[in-house]
Amino acid sequence: QVALVESGGGLVQAGGSLRLSCAASGRTSRMYSMGWFRQAPGKGRAFVAGIRDLMTNYADSGNGRFTISRDNATNTVFLQMNNLKLEDTAVYYCVADRGRFGIREIDWDYWGRGTRVTVSS
């Protein structure tokens, strides 16, 4: 099993930046894919970004503004979010999977509890 704990959410003004972190513990491995989803108020969960080895993948919503990175030594994944917009307001979930690297919820076996990001005008 893998446990994921997110941190770094909070309130930020539009145009600002936040860096989310997710620490993985348990049966972690460099072969794991890791990533981020988000759920905006009243909407379903949506893929944000993923990383596996040297590969990264981004949803169009964050492309150019968000950067995902990973520290394999500490089993931590980061999401640097710049130029935040009101529509980025959401609960952000860290995800991990042993073998898959997709953009659907069903492609990810492990989920954190989420960290809330609120962007104000």
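If you run side-chain contact (heavy atoms from CB on, under 4.5 Å) between Y32 and each of I51, D53, V2, only V2 comes through.
Contact of the D107 side chain with the D97 side chain is not registered, since no non-hydrogen atoms from C-beta on lie closer than 4.5 Å.
Of the possible donor and acceptor atoms, one in the side chain of Y58 sits under 3.5 Å from a partner among the backbone N and O of I68. E6 places a side-chain N or O within donor-acceptor distance of the main-chain N or O of C94, the cut-off being under 3.5 Å.
Taken from OG in S69 to CZ in F78, the straight-line distance is 6.0 Å, to the nearest 0.5 Å. Rounding to the nearest 0.5 Å gives a distance of 9.5 Å between CZ of R19 and OG of S7. To the nearest 0.5 Å, atoms CZ (F101) and CE (M34) are separated by 12.0 Å. A distance of 10.5 Å separates CG in L4 from CH2 in W111, rounded to the nearest 0.5 Å.
In terms of hydrophobic clustering, with Ile, Leu, Val, Met, Phe, Trp and Tyr side chains grouped at heavy-atom distances under 4.5 Å, M55 and F47 are assigned to a common cluster. Following chains of ILVMFWY side-chain contacts shorter than 4.5 Å, one can reach V12 starting from Y92, so the two form part of one hydrophobic cluster.
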task: Apply side-chain contact (heavy atoms from CB on, under 4.5 Å) to the pair T67 and L79, showing each step before the final yes or no.
output: CA-CA 6 Å; T67 302; L79 185 67; over 6 Å; no
message: Evaluate V48 against S61 for side-chain contact (heavy atoms from CB on, under 4.5 Å), listing each step before the verdict.
response: CA-CA 7 Å; V48 174; S61 57; 5.7 Å; no
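Pairs engaging residues 108-121 under the salt bridge (charged side-chain N to carboxylate O under 4.0 Å, His left out) rule: R100-D109 [sequence neighbours left out].
When the salt bridge (Lys or Arg N to Asp or Glu O under 4.0 Å) test is applied to D71, no partner is found at least two apart in sequence or on another chain.
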Mind listing the side-chain donor-acceptor pairs of residues 81-91 below 3.5 Å, one per line with the distance, residues two or more places apart or on another chain?
residue, atom, partner, partner atom, Å
N82, OD1, S17, OG, 2.9
N82, OD1, Q80, NE2, 2.9
D88, OD1, R38, NH1, 2.8
D88, OD1, R65, NH2, 3.0
D88, OD2, R65, NH1, 2.7
D88, OD2, R65, NH2, 3.4
D88, OD2, K85, N, 2.7
T89, OG1, L86, O, 3.0
T89, OG1, V119, N, 2.9
T89, OG1, V119, O, 3.4

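In this structure, V117 and G9 approach most closely via the heavy-atom pair CG2-CA, 4.1 Å.
Residues Y93 and F37 keep their aromatic ring centres 6.0 Å or farther apart.
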